[in-house]
Amino acid sequence: MRYDYSTRLREDVYASVRAALKTAGIINVSLVAERIRVRNLAENVALEDIEHLVLQAAQLVGAAIEFDALGNGLAPPGTGLVENRDESSMIPLGLHRSGSMQ
């Protein structure tokens, strides 16, 4: 994890978190972080690092947060099944709805 983020990136994070809170009332960490990453490609910052910054900013303002990469097009669609190597059967993951944490 890096600690020397630019002022521009940090301002983008805080502005994006405030905007998401104002419009949606909840911060979708994965979605907000991906949008910030795309706007700041020249900074070459990993998505995980931006997600960490978004999470910190959301906690700072006391916002409700969610981690929904499945419902916003960030994660590729799948069957929702995982192979159980011990029994060679398919087990549903139960990821049909987005999760949120408050």
Side-chain angles (χ1 to χ4, degrees):
M1 180 184 315
R2 290 177 30 183
Y3 296 102
D4 56 342
Y5 304 106
S6 71
T7 302
R8 181 175 182 254
L9 179 66
R10 289 183 181 274
E11 288 175 353
D12 193 6
V13 168
Y14 294 122
S16 297
V17 166
R18 286 191 305 268
L21 181 60
K22 186 176 180 179
T23 58
I26 189 167
I27 308 301
N28 183 335
V29 175
S30 302
L31 179 64
V32 171
E34 177 61 16
R35 288 179 179 167
I36 293 168
R37 186 191 69 79
V38 169
R39 283 194 303 264
N40 296 278
L41 283 176
E43 303 235 7
N44 196 26
V45 179
L47 178 61
E48 294 82 9
D49 291 340
I50 297 174
E51 286 176 339
H52 180 75
L53 292 173
V54 169
L55 181 59
Q56 285 180 326
Q59 289 175 329
L60 185 66
V61 297
I65 58 174
E66 71 177 333
F67 302 92
D68 182 19
L70 297 175
N72 59 24
L74 294 178
T79 61
L81 301 173
V82 173
E83 184 177 336
N84 182 344
R85 296 180 192 264
D86 296 334
E87 299 175 8
S88 297
S89 62
M90 300 302 275
I91 301 171
L93 282 177
L95 297 176
H96 304 292
R97 295 183 359 211
S98 66
S100 64
M101 183 171 87
Q102 297 179 344

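Being a predicted model, the structure only gives us computed values, none of them experimental.
Residue Gly25 comes nearest to Ala64 through the heavy atom pair O-CB, 4.4 Å, listed as atom of the first residue, atom of the second, then distance. Nearest heavy atom pair, residue Ile36 against residue Asn40, reads O-ND2, 2.8 Å. The two residues Glu51 and Val29 make their nearest non-hydrogen contact at O-CG1, 3.7 Å.
With rounding to the nearest 0.5 angstrom, the CG atom of Asp49 is 12.0 Å from the CD atom of Glu43. The CZ atom of Arg35 lies 8.5 Å from the CG atom of Asn28; values are rounded to the nearest 0.5 Å. Rounding to the nearest 0.5 angstrom, the gap separating the CD1 atom in Ile65 from the CG atom in Leu21 is 12.0 Å. Here the CG-CG distance, from Asp4 to Leu9, works out to 10.5 Å after rounding to the nearest 0.5 Å. Here the CG atom belonging to Leu55 is positioned 11.0 Å from the CG atom belonging to Leu60, to the nearest 0.5 angstrom.
Remark: Arg37 engages Glu34 in a side-chain hydrogen bond (donor to acceptor under 3.5 Å, both in side chains) (not counting sequence neighbours).
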Atom pairs and distances, donor-acceptor, side-chain atoms in residues 13-20, under 3.5 Å, two or more places apart:
unit_1	atom_1	unit_2	atom_2	d
Ser16	OG	Asp12	O	2.8
Ser16	OG	Asp12	OD1	3.2
Ser16	OG	Arg39	NH2	2.6

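Taking a 6.0 Å sphere around CZ of Arg10, one finds it holds more than 12 heavy atoms contributed by other residues, nucleotides or ligands.
Between the side chains of His52 and Glu48, no donor-acceptor pair of N or O atoms lies under 3.5 Å.
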